[in-house]
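Scroll down for the structure; my scribbles are underneath it.
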Amino acid sequence: MTSLKLPLEFYLSEDVITLAEKLLGKVLCTTINGKLTSGIIVETEAYKAPEDKASHAYQNKFTDRTKIMFRPGGIAYIYLCYGIHHLFNVVTGPGEKAHAVLVRALEPLDGIQVMLNRRKMQKVQPRLTAGPGSLSKALGITTALCGEPLTEKSSKIWLEDRGIIVQRVIRSPRVGVDYAEECAAWNWRLRIKDNDWTSKAK
DNA sequence: AACATGATAAACT
DNA sequence: GTTTATCATGTTC
């Protein structure tokens, strides 16, 4: 169990793109209210501050919300979007650099019944954990977990390497970042090819 | 006022 | 079966 947990060094690379790619196939686990839920990461997005206009920390903008990203990697950055959705990010980099990887979609693994209850759904459908807001809700992730270390034994949230092999990775432009101008063209959205659990598009 | 979205409904093939 | 449009929603700045 503990040996499967990703080591702190994993998160300290300055190369967020490669890191985002490596996160595919890893397993995100949470124990909220004593209930274990987990899923394979099938879609991520890299955010590389300060030069990335799509990042909250563009130009090293330092606020109460973004300051969490300026810490060294290996912690969770969770923020509220559109007032409803909790989005889960992994903070990466050695510190100083406000890099982060957004987890956009999961393939359910453990605690599926718990996830169904949280989503108020009857049966498993791709949309259970497809989409950053959905997966957070399914795993019980809220802003209460913001800043939580992903490497501590006591953490309620962590990542595991269960030896899952990723066959092929697709790179595509990120969505919802039109305002980021030239940065919107950077192909920093990464997903596993031919996976039913990624949000739309194949 | 802006926002890294999701659920729903209505329109398509 | 799929894609497209609309809007609800609350925190940040």
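All values reported here derive from a predicted model rather than from experimental measurement. To find a chain, count down the sequence lines: A is the first, B the second, and so on, and within it residues start at 1.
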**Prompt:** Is there side-chain contact between Val101(A) and Ile41(A), with at least one heavy-atom pair below 4.5 Å?
**Reply:** no
**Geometric class of the Tyr77(A)/Tyr79(A) ring pair [parallel <30°, tilted 30-60°, perpendicular >60°]** = parallel
**Request:** Name the closest nucleotide to the Ile84(A) side chain, picking from dA8(C), dG6(B), dC13(C).
**Result:** dA8(C)
**Request:** Say whether Val166(A) and Leu19(A) are linked into one hydrophobic cluster, either directly or through other cluster members, by side-chain heavy-atom distances under 4.5 angstrom.
**Result:** yes
**Asked** So do Leu159(A) and Leu23(A) actually touch side chain to side chain, heavy atoms under 4.5 Å?
**Response** yes
**Message:** What's the closest nucleotide to the side chain of Pro132(A) if the choices are dT12(C), dG6(B), dT9(C)?
**Reply:** dG6(B)
**Complete:** When both distances are under 3.5 Å in a Watson-Crick or G-U wobble arrangement, the nucleotide paired with dT9(C) is none
Nucleotides 7-13 of chain B: which of its N/O atoms have a protein N/O under 3.5 Å away?
| residue | atom | partner | partner atom | Å |
| --- | --- | --- | --- | --- |
| dA7(B) | OP1 | Arg119(A) | NH2 | 2.2 |

**Side-chain H-bond candidate by donor/acceptor type, Gln167(A) with Asp194(A), under 3.5 Å** = no
**Message:** If I take atom CG in residue Leu87(A) and atom C1' in nucleotide dT12(C), what distance separates them, rounded to the nearest angstrom?
**Reply:** 15 Å
**Leu80(A), nearest nucleotide to its side chain (from dT11(C), dC3(B), dT12(C))** = dT11(C)
**Message:** Quiz question: by atom type and distance under 3.5 Å, do the side chains of Asp15(A) and Thr18(A) form a donor-acceptor pair?
**Reply:** yes
